[in-house]
Amino acid sequence: MTTTQMKLAADQFDLMAAGTKTIEIRLHDPKRQAIRVGDVIRFVNLADARRVLEKQVRGYRLFPTFAALYQAYSPVSVGSQPMDSVDQMVQATYTIYTPEQERRWGVMAIEF
């Protein structure tokens, strides 16, 4: 079992702490390629680094695009609003990751 640290925006951190966000979305880059079921992810709140949350990985799925990933999960489980469309969620994700990064690495849904 390995522990990996990741930063998480304050709003997403709060949703994960409340248990409503059960899926974390990341690029499937080299750091995330090492994640296995049973590993622990230590999330650090970007707004307050003293706030830390540890979650055990229950599973993960790989997708070629954010759109394909978002079609597989409910908006609430990935930290979006219930009425958000797939296109809205993809556009919001592109403020964090670029389409070029998405094409290069693919994406990963980490399940808790």
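Sequence positions, counted from 1, serve as the residue numbers for this chain.
Leu27 and Val78 fall within a single hydrophobic cluster, where Ile, Leu, Val, Met, Phe, Trp and Tyr side chains are chained together by heavy-atom contacts under 4.5 Å. Both Ile41 and Leu8 are members of a single hydrophobic cluster when ILVMFWY side chains are connected at heavy-atom separations under 4.5 Å. The hydrophobic clustering, which links ILVMFWY residues whose side-chain heavy atoms are closer than 4.5 Å, places Ile25 and Tyr94 together. A single hydrophobic cluster is not seen to contain both Phe43 and Ile96; linkage of ILVMFWY side chains at heavy-atom distances under 4.5 Å, directly or through other members, places them apart. Both Phe63 and Met89 sit in one connected hydrophobic cluster of ILVMFWY residues. Membership requires side-chain heavy atoms under 4.5 Å apart, directly or through other members.
For the pair Ala109 and Ile23, the tightest heavy-atom approach, listed with the atom from each and the gap, is CB-CG2, 3.7 Å. In terms of heavy atoms, Val37 sits closest to Gly59 at CG2-CA, 3.8 Å. The two residues Pro75 and Pro82 make their nearest non-hydrogen contact at CG-O, 3.8 Å. Contact record, Arg58 with Phe112: CD-C, 3.6 Å, taken as the closest heavy-atom pair. Between Met16 and Leu53, the closest heavy-atom pair is CG-CD2, 3.4 Å.
Proximity of a side-chain donor or acceptor of Gln56 to a complementary backbone N or O of Gly38 within less than 3.5 Å is detected. Here the side chain of Asp84 pairs a donor or acceptor atom with the backbone of Gln81 at under 3.5 angstrom. Thr2 places no side-chain N or O within 3.5 Å of a backbone atom of Asp39 that could act as its donor or acceptor partner. Judged by distance alone, with hydrogens and angles left aside, the side-chain atoms of Gln101 form a donor-acceptor pair with the main-chain N or O of Thr98 at under 3.5 Å. Checking side-chain atoms of Gln88 against main-chain N and O of Ser85 turns up a donor-acceptor pair under 3.5 Å.
Ion pair Asp11/Lys21 not flagged as a salt bridge, since none of the NZ, NE, NH1 or NH2 atoms sits closer than 4.0 Å to an Asp/Glu carboxylate oxygen. Electrostatic pairing of Glu102 and Arg104 does not count as a salt bridge here, judged by no charged N lying under 4.0 Å from a carboxylate O. Salt-bridge check for Lys31 with Asp29: failed, with every basic side-chain N at 4.0 Å or more from each acidic carboxylate O.
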Test log, rule side-chain contact (heavy atoms from CB on, under 4.5 Å), inputs Arg32 and Met6:
CA-CA 10 Å; Arg32 265 53 74 161; Met6 295 183 194; 3.5 Å; yes

side-chain contact (heavy atoms from CB on, under 4.5 Å) assessment of Tyr97 paired with Trp105
CA-CA 11 Å; Tyr97 301 119; Trp105 300 110; over 6 Å; no

Would you please test Gln5 and Val44 for side-chain contact (heavy atoms from CB on, under 4.5 Å) and show each step?
CA-CA 7 Å; Gln5 184 166 303; Val44 178; 3.6 Å; yes

Start with the C-alpha distance between Ile110 and Arg26, add both sets of side-chain angles, then the distance that settles side-chain contact (heavy atoms from CB on, under 4.5 Å), and finish with yes or no.
CA-CA 8 Å; Ile110 307 167; Arg26 296 289 169 137; 4.2 Å; yes

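Sorted by first then second residue, the ring pair (Phe, Tyr, Trp, His ring centres under 6.0 Å) pairs that include residues 9-28, not counting sequence neighbours, number zero. Listed by first and then second residue, the side-chain hydrogen bond (donor to acceptor under 3.5 Å, both in side chains) pairs involving residues 68-79 are Tyr70-Thr93, Tyr73-Glu111, Ser74-Ser77 (not counting sequence neighbours).
Here the side chains of Val57 and Val40 are not in contact, with every heavy-atom distance at 4.5 Å or above.
Remark: Tyr60 pairs with no residue by the ring-ring contact (aromatic ring centres under 6.0 Å, His included) rule, at least two apart or across chains.
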